[in-house]
Amino acid sequence: MKKAFDLIVFGATGFTGRLVAEYLLETYGVEGAVTWAMAGRNLDKLAATRREIGAPQALPLLQADASDPTALAALVPRARAVLSTVGPYQLHGEPLVSACAHAGTDYVDLCGEPAWMARMIAQYDAPARASGARIVFSCGFDSIPFDLGVLFLQDEAMRRFGAPLTRVRGRVRV
């Protein structure tokens, strides 16, 4: 079924959401190959952000509060994927993950909260598999150093040993 949007940026008025919206505007425009919308709890703030990034009025604004499961359940089926920048995720993230998992809408965030992610995987893996939703945590920010580290290690393992590593552990130190 055709969706109204390829992507919804949820939390577009925050610092990171605004950066994502600016990138999408510069890369795809408003009526480009990727259809997208900005979403958040306050339409006035979304409209201000749209103006501030120089987007035309044609860029859709969608209202939904992270704590309103009914609004999220109506929002997520409109897109192929929802990108969330609404953190901290352990406080504000679960209703959106749930809505996406049950609706079959892909979800991506930049979470760096491992305990929350583990809980979400345990709770929403089955509904996401049943609906076909792909739930992807930690795409950027906190995960970038680890992702690049693992890529480097796997490349080195292939070069030195001819096979990838089966396990890589990461550690954060002060």
Least distance between heavy atoms, [X] atom then [Y] atom:
X	Y	result
Ala99	Val76	O-CG2, 3.6 Å
Ala33	Asp6	O-OD2, 3.6 Å
Val108	Cys139	CG2-SG, 3.3 Å
Gln63	Leu43	OE1-CD1, 3.4 Å
Leu46	Leu62	CD1-O, 3.5 Å
Ser84	Tyr89	O-OH, 2.8 Å

Look only at the side chain of [X] and the backbone of [Y], and say whether a donor-acceptor pair between them is shorter than 3.5 Å.
X	Y	value
Arg50	Leu59	yes
Ser131	Ala103	no
Thr105	Arg80	no

Determine whether [X] and [Y] fall in the same hydrophobic cluster, where Ile, Leu, Val, Met, Phe, Trp and Tyr are linked whenever their side-chain heavy atoms lie under 4.5 Å apart.
X	Y	value
Met120	Leu110	yes
Val30	Val34	yes
Val86	Tyr107	yes
Trp116	Val136	no
Phe5	Val82	yes

Can you tell me how far [atom2] of [Y] sits from [atom1] of [X], rounded to the nearest 0.5 angstrom?
X	Y	atom1	atom2	result
Arg160	Leu165	CZ	CG	10.5 Å
Leu19	Leu24	CG	CG	11.0 Å
Arg18	Glu22	CZ	CD	5.0 Å
Asp68	Leu96	CG	CG	12.0 Å
Glu52	Thr13	CD	OG1	10.0 Å
Glu156	Phe161	CD	CZ	8.5 Å

Option among Thr85, Leu75, Leu83, Asp109 that satisfies the side-chain contact (heavy atoms from CB on, under 4.5 Å) test with Phe10: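 That would be Leu75; it is the only one of Thr85, Leu75, Leu83, Asp109 passing the side-chain contact (heavy atoms from CB on, under 4.5 Å) with Phe10.
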4.5 Å side-chain heavy-atom contact, Pro164 and Met158: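 Yes, close enough: below the 4.5 Å cut-off.
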Salt bridge (Lys or Arg N to Asp or Glu O under 4.0 Å): pairs with one or both residues in residues 90-108, sequence neighbours excluded: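 The answer is Glu94-Arg119, Asp106-Arg134.
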Non-neighbouring partners of Pro95 that pass side chain to side chain contact (heavy atoms under 4.5 Å, CB included), sequence neighbours left out: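 Per chain and number, Pro95 pairs via side chain to side chain contact (heavy atoms under 4.5 Å, CB included) with Leu72.
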Asp155/Arg159 under salt bridge (Lys or Arg N to Asp or Glu O under 4.0 Å): CA gap, chis, key distance, verdict: CA-CA 6 Å; Asp155 287 347; Arg159 187 179 69 75; over 6 Å; no
